[in-house]
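Take a look at the structure below.
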Amino acid sequence: MNNDLEIFRDEVLLALAEVTDIRAWDAIRVNTLGKSGKLTALLRSLGGMSPEIRKERGQALNRLRDELAHCFEERKRVLEKAAIEARLQAERVDVSLPPPPCLGGERQGFLHPISRTIEEIRSIFGTMGFSVEEGPDIETDWYNFSALNTPDHHPARTDHDTFYLSPRQPTESEQQEIPQKIHLLRTQTSGVQIRTLLAKKPPLRIIAPGRVYRADHDATHSPMFHQCEGLVIEQGITLSHLKGCLTDFLRAFFDRPRLPVRFRASYFPFTEPSLEVDIGWSRQTGEIGNGADWLEVLGAGMVHVRVLANCGIDPREWQGFAFGMGLERLTMLKNGISDVRSFFENDIRWLRYYGTNPFEAVL
Ligand code: PHE
């Protein structure tokens, strides 16, 4: 390369190495490779040279242009990366810092007692190897009833208990097809059993907390409330596992290692045998674990073979148990709350009293 070109190249590269931001980089680029840049002027000057010199110098200039263009791109990439790094550093948030004072005291938010109960339940069952599943609030009657072996004439299906959604007007082409699905607001979380069994292969242990709906409204019933479903499907699961698991759970939840737990025969369409689970308490004082009375807190049972078969699972190979509990009921018992309607009135004084600081560790 000619001496003057080498000097020019070194100057450009030096300037490029010293540049620290993209604006300055662009100024040098325009000055060098732009329309009235230095390299462009050198290329233009070829016109007045003799053919031999023009050829040789032309080739050298083209090579130099390619080399410089490459160096400019490289430098640009480095500068852009550095700019992002600098921004990340400058905008860093220290998540371990305590909340600023404006979040403390009067203006602090709280976890709703139902959220707190769900956290506790997740934590207790988490230690027993359960994972958490979810299902939609709007269900079809197949998931909510039929697949759960609930006969067509079962009272739970009637309008009295269940909120049915009015069907969408079918289009003309749909009218000839199969009848439309019936949609409803789920009356229980048990449909998640079906969704899980269809989507996953056993062995499995899941819980499914969520909202459910029934047409009922008084001091102990709310039209929207919460349940938590549980399902275990493994080989060789028996009623003893059910009893052990639920006894452990209730004792941990109420923090009473000796809490009396009683299992009573009952009926659910999707379990056989079915049980209701009571805990010992005193009706007079409301004290849990102490007293001569029993209070029902859970429904449970061994998963009905027809439910397993509906989901394509061979009942000779897999067995399991399921349970369901009302979360308002458990929360009321634990906190001495007497009216279920107060949960959803959004009275700030109530929320402040029964709410929990979200920064407090659960359990
Ligand atoms: N889904 C039942 C209810 O709402 C509770 C239940 C769940 C019972 C699972 C047995 C097994 O009452």
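Ligands are counted one by one from 1 in listed order, and the atoms in each one are counted from 1 as well. Remember, predicted model here, so these are calculated numbers, not experimental data. Residue indices begin at 1 and follow the sequence shown.
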Axial cation check for Y213 ring with R186, 6.0 Å and 45° limits: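 Judged by the rule, R186 and Y213 form no cation-pi pair.
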Listed once per pair and sorted, the ring pair (Phe, Tyr, Trp, His ring centres under 6.0 Å) pairs that draw on residues 304-331, sequence neighbours left out: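 Non-adjacent pairs meeting ring pair (Phe, Tyr, Trp, His ring centres under 6.0 Å): F125-F323.
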Mutual orientation of the aromatic rings belonging to W350 and H112 [parallel < 30°, tilted 30-60°, perpendicular > 60°]: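 Tilted.
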For residues 36-46, which side-chain donor-acceptor pairs fall under 3.5 Å, sequence neighbours excluded?
unit_1 : atom_1 : unit_2 : atom_2 : d
T40    : OG1    : G34    : O      : 2.6
S45    : OG     : L42    : O      : 2.6

Sequence-distant partners of R75, side chain to side chain contact (heavy atoms under 4.5 Å, CB included), two or more places apart: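 Listed in chain order: L16, V19, W25, V78, L79.
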Any donor-acceptor N or O pair under 3.5 Å, side chains Q235, Q319: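 Q319 and Q235 do not have a side-chain donor-acceptor pair below 3.5 Å.
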Neighbouring residues of ligand 1, heavy-atom cut-off under 4.0 Å: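 These residues qualify: Q188, S190, Q193, R214, Q227, E229, F268, F270, T271, G299, A300, A322, F323, G324.
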